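The next block holds one structure in the form of structure tokens; read it before the comments.
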Amino acid sequence: MSRARTAVLISGRGSNLQALIDAAADPKFPAQIVLVISNIEGVYGLERARQAGIATAVISHKGLSREDFDAKIDAALEAADVRLVCLAGFMRILSDGFARKWAGRLLNIHPSLLPAFRGVHVHEQALEAGVKFSGCTVHFVVPELDAGPIVEQAVVPVLANDTPDTLAARVLEQEHRIYPEALRLLAEGKVKLQGGRAVFA
Ligand code: GAR
């Protein structure tokens, strides 16, 4: 079976990208990372991609409407014959049209147990709420922000002396574990977006 050609969209250090690159280094992994796109120049994630010999592109959102920015991303994905897309610390909101076009082939990772704590400053939100557990979620991307059907989650305890940084580090370890698992499920056709739900084979 051919491995699913996959792009990863980033905006920063790319530790989740690295987890996906590492998983895909195994020739038996059902997806291969063929393109990394960043909306910000000079971020460390781009360096990680280059070190792994993966093609990179910088597509700046500056001065572009959301639709024009997304059209450029879409064109780069099509030019590279990409089938699946993973958002990994990609800090732009995609247009409804993009989300609809890539529906079922587009995953995001979010550092909370969705539907709790959408948006930004997620760990601050969790500590403020006083929850005893937090975690991370890989979900299909739909037009509504941080709201798509859930593919994988992992739970971590919130400790009494946690700061946003210590909680983020504990959650991030789990992100690196579940994102490759979720991509594997999608690439193998073991999870599908059907009727607005994640359906598992
Ligand atoms: C990760 O914690 C990811 O879940 C989060 O940004 C971090 C990126 O780290 N994403 C979001 O908050 C998306 N709304 P990384 O660049 O090291 O993968």
Side-chain angles (χ1 to χ4, degrees), residues 6-25 31 33 35-52 54 56-59 61 66 69-70 73 84-96 98-99 102 106-129 131 133-158 162-183 186:
T6 301
V8 184
L9 272 52
I10 62 167
S11 301
R13 70 187 162 184
S15 72
N16 277 291
L17 164 66
Q18 189 69 56
L20 296 172
I21 289 173
D22 292 347
I33 314 298
L35 177 64
V36 171
I37 302 176
S38 172
N39 65 309
I40 298 175
E41 198 148 8
V43 294
Y44 188 56
L46 288 168
E47 182 56 33
R48 294 178 190 271
R50 284 186 205 111
Q51 280 173 15
I54 297 167
T56 61
V58 176
I59 299 178
H61 57 280
R66 189 166 288 170
F69 173 63
D70 290 0
I73 303 252
L84 304 178
V85 181
C86 292
L87 309 182
F90 182 66
M91 303 311 265
R92 304 296 305 171
I93 297 172
L94 293 163
S95 60
D96 291 9
F98 186 95
W102 289 89
L106 178 57
L107 295 176
N108 180 43
I109 189 153
H110 183 78
S112 77
L113 289 174
L114 291 173
F117 313 132
R118 295 174 183 179
V120 292
H121 306 303
V122 165
H123 305 298
E124 285 86 345
Q125 291 187 54
L127 293 176
E128 180 65 25
V131 292
F133 295 93
S134 191
C136 48
T137 304
V138 178
H139 63 94
F140 283 114
V141 174
V142 297
E144 192 186 341
L145 184 66
D146 296 335
I150 292 167
V151 176
E152 287 243 9
Q153 287 187 309
V155 179
V156 304
V158 178
D162 264 336
T163 64
D165 285 350
T166 60
L167 179 55
R170 195 174 308 118
V171 169
L172 193 64
E173 238 177 80
Q174 297 305 313
E175 295 185 43
H176 297 163
R177 186 175 64 76
I178 68 168
Y179 212 174
E181 281 181 13
L183 177 58
L186 183 62

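As the structure lists them, so they are numbered: ligands from 1, and atoms in each ligand from 1. Note: hydrogens, waters and symmetry copies are ignored here, and every other heavy atom, side chains too, is used. In this text, all values refer to a predicted model and were calculated from it rather than measured experimentally. Quick note: residue numbers are just sequence positions, from 1.
- No side-chain N or O of Q51 forms a donor-acceptor pair with one of R48 less than 3.5 Å apart.
- Among residues at least two apart or in separate chains, there is no salt bridge (Lys or Arg N to Asp or Glu O under 4.0 Å) pair with a member in residues 6-23.
- Applying the salt bridge (Lys or Arg N to Asp or Glu O under 4.0 Å) test to residues at least two apart or on different chains, none of the pairs has a partner in residues 106-115.
- Checking L167, V122, N16 one by one against P111, the side-chain contact (heavy atoms from CB on, under 4.5 Å) holds for a single residue, V122.
- Taking every heavy atom of E175 and a limit of under 4.0 angstrom, the matching atoms of ligand 1 come to 1 (C), 2 (O), 3 (C), 4 (O).
- With hydrogens left out, the protein atom closest to atom 16 (O) of ligand 1 is G14 N, 2.9 Å, a heavy atom.
- Every atom of ligand 1 with a heavy atom of G89 under 4.0 Å away is listed here by number and element: 6 (O), 8 (C), 10 (N).
- Looking only at protein heavy atoms, the nearest one to atom 5 (C) of ligand 1 is P111 CD, 3.9 Å.
- The nearest heavy-atom contact from the protein to atom 14 (N) of ligand 1 is H110 ND1, 3.8 Å.
- For the pair M91 and ligand 1, a heavy-atom separation below 4.0 Å is found.
- For atom 9 (O) of ligand 1, the closest heavy atom belonging to the protein is R13 NH2, 3.2 Å.
- Near N16, meaning under 4.0 Å from any of its heavy atoms, are these atoms of ligand 1: 1 (C), 15 (P), 17 (O), 18 (O).
- Between the side chains of H176 and S15, a donor-acceptor pair is found at a separation under 3.5 Å.
- The shortest N or O to N or O distance between D146 and ligand 1 is not under 3.5 Å.
- Considering only non-hydrogen protein atoms, atom 10 (N) of ligand 1 sits nearest to I109 O, 3.8 Å.
- Under the 30°/60° scheme for interplanar angles, the aromatic rings of H61 and F69 are found to stand perpendicular.
- The shortest heavy-atom contact between Q174 and A154 is CB-CB, 3.8 Å.
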